[in-house]
Amino acid sequence: MKFKDDCIFCKIANKRIPAEIIEETDGFIVIKDMNPVAPIHLLIISKSHYDSVLDVGCKGGADKSGGRELFGILGSLADKFNVADKGFRTVINTKEDGGQTVNHLHIHFMAGRGFGWPPG
Ligand code: AMP
Ligand code: ZN
């Protein structure tokens, strides 16, 4: 478990600063995105600090159960928000070309409208 003192998502995921918690597992916390781009826009944030998804696979220390836990969260959120039928979009922005702005692993869960493809 890694904690970075100057990381906002470390503080949120480890409850050092308050946030409305939508769901929580051993490894992740789910909150609402403060700048939603869809009627439902959640962030699934790892409790441990990883700079990006690359950090999980490449630099060791990753809990191998995390992937399964994450897929479980997606199903659970789909049920909770009644979007299992219509569907949803998940996004992991990674580094500069991916448009990542917060350098702590998080997965966007967006639903409640249709999304285009390819993304802009
Ligand atoms: P990304 O561009 O993939 O790194 O996404 C970062 C996301 O985090 C953006 O959609 C922001 O709106 C969101 N965000 C940043 N700070 C907070 C915060 N304190 N609480 C909730 N959402 C946040
Ligand atoms: Zn962090």
Side-chain angles (χ1 to χ4, degrees):
M1 177 77 152
K2 287 168 275 183
F3 186 92
K4 211 167 161 232
D5 286 324
D6 61 349
C7 174
I8 181 83
F9 281 7
C10 275
K11 289 179 189 156
I12 290 173
N14 293 281
K15 301 172 188 166
R16 305 277 175 98
I17 54 177
E20 184 190 346
I21 297 168
I22 307 296
E23 190 152 322
E24 181 172 6
T25 63
D26 286 347
F28 297 92
I29 210 157
V30 182
I31 64 165
K32 290 181 181 165
D33 196 295
M34 71 177 189
N35 190 16
V37 299
I40 299 161
H41 187 171
L42 308 172
L43 297 174
I44 304 164
I45 302 174
S46 61
K47 289 184 180 175
S48 185
H49 181 89
Y50 299 104
D51 287 343
S52 78
V53 70
L54 290 171
D55 210 13
V56 179
C58 302
K59 293 182 184 159
D63 179 348
K64 290 198 168 50
S65 67
R68 194 178 305 165
E69 201 178 317
L70 183 54
F71 284 125
I73 292 171
L74 299 183
S76 173
L77 292 176
D79 285 342
K80 190 173 276 180
F81 288 88
N82 281 312
V83 295
D85 286 342
K86 291 279 275 180
F88 53 89
R89 174 69 58 86
T90 47
V91 170
I92 306 177
N93 294 323
T94 303
K95 293 196 169 174
E96 188 182 347
D97 276 1
Q100 184 176 3
T101 58
V102 178
N103 294 328
H104 174 124
L105 176 65
H106 57 281
I107 297 90
H108 294 260
F109 180 100
M110 294 165 286
R113 67 171 173 86
F115 296 93
W117 192 265

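Counting from 1, the numbers follow the sequence of the chain as shown. In what follows, every heavy atom counts, from backbone to side chain, and hydrogens, waters and symmetry copies are set aside. Ligands are counted one by one from 1 in listed order, and the atoms in each one are counted from 1 as well.
- The ligand atoms of ligand 1 that sit less than 4.0 angstrom from a heavy atom of His108 are 1 (P), 3 (O), 5 (O), 7 (C), 10 (O).
- When every heavy atom of Gly112 is checked against every heavy atom of Pro39, the shortest pair comes out as O-CG, 3.5 Å.
- Ligand 1 places these atoms under 4.0 Å from at least one heavy atom of Gln100: 4 (O).
- For Lys86, the NZ atom sits in a loose shell: 12 or fewer heavy atoms of surrounding residues, nucleotides or ligands are nearer than 6.0 Å.
- Counting atoms of ligand 1 from 1 in the listed order, those under 4.0 Å from a heavy atom of Gly99 are 2 (O).
- Proximity of Lys32 to ligand 1, defined as any heavy-atom pair under 4.0 Å, is confined to the backbone N, CA, C and O atoms.
- Taking atom 11 (C) of ligand 1 as the reference point, the nearest protein heavy-atom neighbour is Asp33 OD1, 3.4 Å.
- Counting only N and O atoms by type, the side chains of Gln100 and Ser52 include no donor and acceptor under 3.5 Å apart.
- Below 3.5 Å of separation, one finds no N or O of Leu43 facing any N or O of ligand 1.
- Under the 4.0 angstrom criterion for non-hydrogen atoms, Ile12 is in contact with ligand 1.
- Here the closest heavy-atom approach between residue Ala13 and residue Ser46 is recorded as CB-O, 3.6 Å.
- Here the Zn ion (ligand 2) is the vertex; the ND1 atom in His104 and the SG atom in Cys10 give an angle of 110° (to 10°).
- The shortest contact between atom 23 (C) of ligand 1 and any protein heavy atom is with Met34 CG, 3.5 Å.
- Under the 30°/60° scheme for interplanar angles, the aromatic rings of Phe88 and Phe109 are found to lie parallel.
- Which parts of ligand 1 touch Asn93 is read off a 4.0 Å heavy-atom cut-off, strictly below it: atoms 1 (P), 2 (O), 3 (O).
- The aromatic rings of His104 and Phe9 sit perpendicular, their planes meeting at an angle over 60°, well past the 30° parallel limit.
- Hydrophobic cluster membership is shared by Ile17 and Val102, with clusters built from Ile, Leu, Val, Met, Phe, Trp and Tyr side chains linked at under 4.5 angstrom.
- Put simply, Leu77 and Ile92 are part of the same group of oily side chains (I, L, V, M, F, W, Y) that touch within less than 4.5 Å, one to the next.
- Other residues, nucleotides and ligands contribute only 12 or fewer heavy atoms inside 6.0 Å of the CG atom of Asp85.
- Within 6.0 Å of atom CG in Asp97, 12 or fewer heavy atoms from other residues, nucleotides or ligands are found, so the atom counts as exposed in its surroundings.
- In this structure, the protein non-hydrogen atom closest to atom 1 (P) of ligand 1 is His106 NE2, 3.2 Å.
- When heavy-atom distances to ligand 1 are checked against a 4.0 Å cut-off, Val91 has no atom that comes that close, whether in backbone or side chain.
- In His49, the N, O or S atom that comes nearest to the Zn ion (ligand 2) is ND1.
- Every N/O-N/O distance between Phe9 and ligand 1 stays at or above 3.5 Å.
- For atom 4 (O) of ligand 1, the nearest non-hydrogen atom from the set Asn35, Thr101, Val37 comes from Thr101.
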